[in-house]
2 protein chains.
Amino acid sequence: MAATKDPRPCSIADALSLVGEKYSLLVLREVCLGNGRFDQLVRNIGAPRDILATRLRRLVEAGILTKRLYSERPQRFEYRPTQAGLELEPVLWTLKEWGDRHLRGGIDLPMALEHECGSELVPVVTCRACGDPVRHGELTAHPQAPGWTVSGPSAA
Amino acid sequence: MAATKDPRPCSIADALSLVGEKYSLLVLREVCLGNGRFDQLVRNIGAPRDILATRLRRLVEAGILTKRLYSERPQRFEYRPTQAGLELEPVLWTLKEWGDRHLRGGIDLPMALEHECGSELVPVVTCRACGDPVRHGELTAHPQAPGWTVSGPSAA
DNA sequence: CCCTGAGAGTTGGAAAATCAAACCCTCATC
DNA sequence: GATGAGGGTTTGATTTTCCAACTCTCAGGG
């Protein structure tokens, strides 16, 4: 999907070309919650069945989901996240956190995630090296490949 | 965009309905890098000009970007992230990290982000309460609103 | 044996979004 | 007066989405 001719080599664009189409990340949401059957997906996401079938094919061929047989006769399948799929979950958590705060004012949330530590999950993106929360002003972009130009703050 | 009739009240779906359309997150990428002028966006993203104009209108009305006059005569505008826009950046970082690792094998990356601590940014999503990195198995979903059903692991 | 129903899709045609290229408008400069 | 930059809008062809209906496989009941 995203930018077939993005003039920049970019992992964000590449990732979005796999999961940036309408419904794809909602499929991941459902599958990570364990709702991996076709009819569950249709009901819980509200997507047209044909589009959903297309997305599922694509996510499987991208290695983000796998199709698992859960009944031989009649043949019935279920979709589950692969390791790569599970590692995309942080994207969902940060999206959820943003939406909870900016779209719902942080109150009356429709769903809470509880961390094993016992409190509600509020995801914070930190720097692996120093462990500190990352903020916009603390970053500098370093283009390594041609195609990149950076102007303003966070320019290198 | 995403799921006009998502039967679940969900902040992820709501967030995606604002920034889930094709090119929207790439616009945010550019704007956060300081490349906020229309022609820069066209060139750096590779999107059709009319679509870009539509996205920009939408992102401004959603409060994610602002349009700033940077020249009176002739009138020239530039787009910049609002506070809400900046707070969406973590989504871009986690997407980049996933793409770097899963789509490029972690090597030969086209762009690096340097954290103020001096090392390259590798974003890690942590739990604000306990500070630990969050992993899939450590979460439990707690639906608070009707419309939610959770089956498998991470069910409540 | 026949009917119904669940589950997992596929098909066909109308409606909406995207795309590419050309165009427009306001100035500044030559 | 012509050229060019910047920031879009217009037009018409091409792709995607959308929706409803349909298919196929089997299980179970009467």
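Residue numbers begin at 1 in each chain, while the letters A, B, ... track the order of the sequences. Predicted model, so just to flag it, every value in this text is computed and none were measured.
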Peer 1: In dot-bracket form, 5' to 3', how is DNA chain C paired? Count Watson-Crick and G-U wobble pairs only if both distances fall under 3.5 Å, and write | where the partner sits on another strand.
Peer 2: ||||||||||||||||||||||||||||||

Peer 1: Can you find an N or O donor on one side and an acceptor on the other, under 3.5 Å apart, linking the side chain of B:R49 with the base of D:dG7?
Peer 2: yes

Peer 1: I'd like to know if the side chain of A:W148 and the backbone of A:C10 have a donor-acceptor N/O pair within less than 3.5 Å.
Peer 2: no

Peer 1: Could you list the residues that satisfy side-chain contact (heavy atoms from CB on, under 4.5 Å) with B:L69, not counting sequence neighbours?
Peer 2: B:E72, B:Q75, B:F77

Peer 1: For the side chain to side chain contact (heavy atoms under 4.5 Å, CB included) test, which of B:T94, B:V91, B:L92 pairs with A:I12?
Peer 2: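 For A:I12, the side chain to side chain contact (heavy atoms under 4.5 Å, CB included) test succeeds with only one of B:T94, B:V91, B:L92, which is B:L92.
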
Peer 1: So for B:D39 and D:dA5, does any side-chain atom that can act as donor or acceptor lie under 3.5 Å from a complementary atom in the base?
Peer 2: no

Peer 1: To which residues is B:L86 joined in a hydrophobic cluster, defined by side-chain heavy-atom contacts under 4.5 Å among Ile, Leu, Val, Met, Phe, Trp and Tyr, whether direct or through other members?
Peer 2: none

Peer 1: Among pairs that include at least one residue of residues 24-34 of chain B, which meet side chain to side chain donor-acceptor pair (under 3.5 Å), considering only residues two or more places apart or in two chains?
Peer 2: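 Every pair satisfying side chain to side chain donor-acceptor pair (under 3.5 Å) with a residue in residues 24-34 of chain B: A:D6-B:R29, A:R8-B:E30, B:E30-B:N35, B:E30-B:N44.
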
Peer 1: Rounding to a whole Å, what distance do you find between A:N44:CG and C:dG7:P?
Peer 2: 13 Å

Peer 1: So which of residues 52-68 of chain A are in contact with DNA chain D, with a heavy-atom cut-off of under 4.0 Å?
Peer 2: A:R55

Peer 1: Indicate every side-chain donor-acceptor pair of residues 109-134 of chain A with a distance under 3.5 Å to a residue at least two apart or in another chain.
Peer 2:
unit_1: A:E114; atom_1: OE1; unit_2: B:H142; atom_2: NE2; d: 2.5
unit_1: A:H115; atom_1: NE2; unit_2: B:E138; atom_2: OE1; d: 3.1
unit_1: A:T126; atom_1: OG1; unit_2: B:V124; atom_2: O; d: 3.1

Peer 1: Would you mind reading off the distance between A:F38 atom CZ and C:dA6 atom C1', rounded to a whole angstrom?
Peer 2: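 Rounded to whole Å, this separation is 14 Å.
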
Peer 1: Starting at CZ of B:F77 and ending at C1' of D:dT9, how long is that distance when rounded to a whole Å?
Peer 2: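 Result: 15 Å.
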
Peer 1: Specify the separation, in whole Å, of atom CD of B:E21 and atom C1' of D:dT17.
Peer 2: 13 Å

Peer 1: Tell me, which pairs form a salt bridge (charged side-chain N to carboxylate O under 4.0 Å, His left out) where one or both residues lie in residues 98-112 of chain A, sequence neighbours left out?
Peer 2: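 Non-adjacent pairs meeting salt bridge (charged side-chain N to carboxylate O under 4.0 Å, His left out): A:K96-A:D100, A:E97-A:R101, A:R101-B:E87, A:R104-B:D14.
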
Peer 1: Strictly by ring pair (Phe, Tyr, Trp, His ring centres under 6.0 Å), give each pair with a member in residues 34-70 of chain B just once, sequence neighbours left out.
Peer 2: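 Counting only pairs at least two positions apart or across chains, no ring pair (Phe, Tyr, Trp, His ring centres under 6.0 Å) contact touches residues 34-70 of chain B.
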
Peer 1: From CG of B:D50 over to P of C:dA20, roughly how many Å is that when rounded to an integer?
Peer 2: 10 Å

Peer 1: Name all residues meeting the ring pair (Phe, Tyr, Trp, His ring centres under 6.0 Å) criterion together with A:W93; count only those two or more places apart in sequence or in a different chain, and write none if there are none.
Peer 2: none

Peer 1: Identify which nucleotide among C:dA20, D:dG8, D:dT17 has an atom closest to any side-chain atom of A:I51, counting heavy atoms from C-beta outward.
Peer 2: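 Of the options given, the side chain of A:I51 lies nearest D:dT17.
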
Peer 1: Below the 4.0 Å mark, does D:dG8 have OP1 or OP2 next to a side-chain nitrogen or oxygen of B:Y79?
Peer 2: yes

Peer 1: Between N or O atoms, less than 3.5 Å apart, protein on one side and nucleotides 25-30 of chain D on the other: list the pairs.
Peer 2:
none

Peer 1: Name the atoms and distances for all side-chain donor-acceptor pairs under 3.5 Å in residues 48-64 of chain B, with sequence neighbours left out.
Peer 2:
unit_1: B:R49; atom_1: NH2; unit_2: B:D39; atom_2: OD1; d: 3.2
unit_1: B:T54; atom_1: OG1; unit_2: B:D50; atom_2: O; d: 3.0
unit_1: B:R55; atom_1: NE; unit_2: B:K22; atom_2: O; d: 2.8
unit_1: B:R58; atom_1: NH2; unit_2: B:S17; atom_2: O; d: 3.1

Peer 1: How close or far is atom P of D:dG6 from atom CD of B:E78, stated in whole angstroms?
Peer 2: 13 Å

Peer 1: Starting at CD1 of A:I45 and ending at C1' of D:dT17, how long is that distance when rounded to a whole Å?
Peer 2: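 Taking atom C1' of D:dT17 as the reference, CD1 of A:I45 is at 16 Å.
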
Peer 1: Could you check how far CG of B:L41 sits from P of D:dA5, rounded to whole Å?
Peer 2: 18 Å

Peer 1: Quick one: list whatever passes side-chain hydrogen bond (donor to acceptor under 3.5 Å, both in side chains) with A:R68, sequence neighbours left out.
Peer 2: A:E78

Peer 1: So which atom in A:W98 and which in B:A84 form the shortest heavy-atom distance, rounded to 0.1 Å?
Peer 2: NE1-O, 2.9 Å

